[in-house]
Amino acid sequence: MSEIAEEMRLRPDRGEVATYIPELARADRRAFGIAVIGADGQLAAAGDSETPFSVQSITKVFTLTLALGKIGDRLWKRVGREPSGNPFNSIVQLELEKGVPRNPFINAGAIAVTDAILSGHEPREALGEILRFLQFLAEDSSIAIDEAVAASEKRTGFRNVALANFMKSYGVLDNPVDYTLGVYFHHCAVAMSCRQLAMAGRYLAHSGRNPTTGLLVISPERARRINAIMLTCGHYDGSGDFAYRVGLPGKSGVGGGILAVAPGKASIAVWSPGLDAAGNSHLGRISLEMLTKRMGWSIFGE
């Protein structure tokens, strides 16, 4: 970890921070953190691994887990499981496919998943459930929502408003658009450190089981399927390149974080705010490629 963090510190190519959410534009491009938690619970970390950052779309992994727990495979009637090949906030594909998002990790798909969690609850209750789930997984009650980021997203989220209203017109969303978007903007604004994020992702690395307690969070089959969607759809229209270079299921966020899973071995989180053209952490992807090569962790072979 220390070797990789030092290599990342010295690299001049750092990508560009997200500016379409004004609060994210304040992130320090020089930051880099990495944390790995193995099956035995041992933590290896380096760089800014304890600095909280806006995890953004990475929470979509956890909301997908919750929604599947609530309504099971009925979720797939309102959201697909295929790579999009388009930007994460594209409305063109949604129009062609009659309001059904291509997968749960693009913005439209995550809004539909959030709507499934919200059904039967008040927005505050649904948001509390998501936050408590993250705290439970990470074994850390200090995880919270960055209200400044949430407010920034709400002020500037016009494309997401359009996506949600379009889906509502096709009956994909059950709840009032304002309610669903309120929960969506807030759960994307959760702040976590690399260590906390790696802790939260352990169940996906260990067949749905918390390796510390031995208790199932979700079934092995469901964990396997979530990992499959992470591999094929977790990095927007850069998912194929990530699978090619890194060879692990993963989910990125425009805050610069990436959660990656080495099945049976480790849960990994990296953070570097500078993004590539597809909206994924530039140094995050490079560092994960280095890690998987050195450890022989690619799911496609050493």
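Every value quoted in this text rests on a predicted model; they were computed, and no experiment measured them.
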Check for me, please, whether Met8 and Val17 land in the same ILVMFWY cluster - side-chain distances under 4.5 Å, paths through other members count. no
Atom pair CD1/OG of Ile34 and Ser287 - distance to nearest 0.5 Å: 4.5 Å
Drop me the distance from Gln93's CD to Leu163's CG, to the nearest 0.5 angstrom. 11.0 Å
Does atom CD (Glu147) have a neighbourhood of more than 12 heavy atoms from anything else shown, all under 6.0 Å? yes
Do Val36 and Val261 share a hydrophobic cluster (ILVMFWY, side-chain heavy atoms under 4.5 Å, transitive)? no
Please tell me if the side chains of Trp271 and Thr51 come closer than 4.5 Å, counting only heavy atoms from C-beta onward. yes
Distance, nearest 0.5 Å, that separates CG of Asn210 from CG of Leu137: 8.0 Å
Under 3.5 Å: donor-acceptor pair, side chain of Arg245, backbone of Glu289: no
Could you check whether any side-chain heavy atom of Ser54 comes within less than 4.5 Å of a side-chain heavy atom of Leu24, counting everything from C-beta outward? yes
Report the C-alpha separation of His187 and Phe62 in whole Å, then their side-chain angles, then the decisive distance to 0.1 Å, and conclude whether the side-chain contact (heavy atoms from CB on, under 4.5 Å) test is met. CA-CA 10 Å; His187 77 64; Phe62 305 107; over 6 Å; no
Looking only at the side chains, is there a donor atom on one of Ser84 and Asp237 sitting less than 3.5 Å from an acceptor on the other? no
Heavy-atom count check: over 12 atoms from other residues, nucleotides or ligands less than 6.0 Å from Phe166 CZ? yes
Which residues satisfy the side-chain contact (heavy atoms from CB on, under 4.5 Å) test with Glu3, sequence neighbours excluded? Arg294
Heavy-atom neighbours of Lys168 NZ exceed 12 at 6.0 Å: yes
Measuring only between side-chain heavy atoms, which start at C-beta, is Ile258 closer than 4.5 Å to Leu288? yes
Should Val190 and Val61 be regarded as members of a common hydrophobic cluster, given that ILVMFWY residues are connected when their side-chain heavy atoms come within less than 4.5 Å of each other, either directly or indirectly? yes
Assess, by modelled atom type and distance only, whether the side chains of Ser272 and His282 contain a donor and an acceptor separated by less than 3.5 Å. no
Any donor-acceptor pair under 3.5 Å linking the side chain of Ser267 with the backbone of Ala198? yes
Can you tell me if Lys70 has over 12 outside heavy atoms packed within less than 6.0 Å of its NZ? yes
Could you check whether any side-chain heavy atom of Met199 comes within less than 4.5 Å of a side-chain heavy atom of Glu139, counting everything from C-beta outward? yes
Test Ile143 against Gln196 for side-chain contact (heavy atoms from CB on, under 4.5 Å), laying out the working first. CA-CA 8 Å; Ile143 294 169; Gln196 291 169 328; 3.7 Å; yes
What about Leu127 and Val113, same hydrophobic cluster or not, with Ile/Leu/Val/Met/Phe/Trp/Tyr joined at side-chain heavy-atom distances under 4.5 Å? yes
Does Pro83 offer a backbone N or O that forms a donor-acceptor pair with the side chain of Asn103 under 3.5 Å? no
Is Phe300 atom CZ crowded by more than 12 heavy atoms from other residues, nucleotides or ligands, each under 6.0 Å away? yes
Can you find a pair of side-chain heavy atoms, one from Arg155 and one from Phe185, that are under 4.5 Å apart? no
Below 30° counts as parallel, above 60° as perpendicular, anything between as tilted: where do the rings of Phe136 and Phe133 land? parallel
Glu125 side chain to Glu122 backbone, donor-acceptor under 3.5 Å: yes
Looking at Arg29 and Gly15, would you say the former's side chain and the latter's main chain have a donor-acceptor pair under 3.5 Å? yes
Say whether, by atom type as modelled, one donor and one acceptor occur between the side chain of Ser152 and the main chain of Ala148 under 3.5 angstrom. no
Give, for atom CG of Leu259 and atom CG of Leu197, the distance between the pair rounded to the nearest 0.5 Å. 4.5 Å
Do you see a donor-acceptor pair shorter than 3.5 Å between the side chains of Lys60 and Ser57? yes
Beyond-backbone contact of Glu153 with Gln56, side-chain heavy atoms, under 4.5 angstrom: yes
If we only count heavy atoms from C-beta on, is the Leu75 to Leu64 side-chain gap below 4.5 Å? yes
Can you find a side-chain donor-acceptor pair between Ser252 and Tyr236 that sits under 3.5 Å? no
Can you check whether Asp276 reaches Arg285 side chain to side chain, under 4.5 Å on heavy atoms? no
Please check if the distance between the ring centroids of Tyr203 and His206 is under 6.0 Å. no
Take Tyr184 and Asn160, measure what side-chain contact (heavy atoms from CB on, under 4.5 Å) needs, and give me the verdict at the end. CA-CA 10 Å; Tyr184 173 76; Asn160 288 322; 3.9 Å; yes
Before you tell me yes or no, could you show the steps for Arg11 and Glu6 under salt bridge (charged side-chain N to carboxylate O under 4.0 Å, His left out), namely the whole-Å CA-CA distance, both residues' side-chain angles and the distance that decides it to 0.1 Å? CA-CA 9 Å; Arg11 287 188 72 108; Glu6 180 62 15; over 6 Å; no
Co-membership, hydrophobic cluster, residues Leu66 and Trp76, 4.5 Å side-chain: yes
What distance separates Lys98 NZ from Glu95 CD, expressed to the nearest 0.5 Å? 10.0 Å
Please lay out, stage by stage, how Arg224 and Glu221 fare under the test side-chain contact (heavy atoms from CB on, under 4.5 Å). CA-CA 5 Å; Arg224 185 172 67 250; Glu221 179 184 17; 3.6 Å; yes
Side chain to side chain donor-acceptor pair (under 3.5 Å) partner of Thr180, the single match among Asp174, Asp115, Thr114: Asp115
Tell me whether Thr59 contacts the main-chain N or O of Val55 through its side chain, where contact means a donor paired with an acceptor under 3.5 Å. no
Sole residue of Glu82, Arg81, Lys251 in side-chain contact (heavy atoms from CB on, under 4.5 Å) with Ile229: Arg81
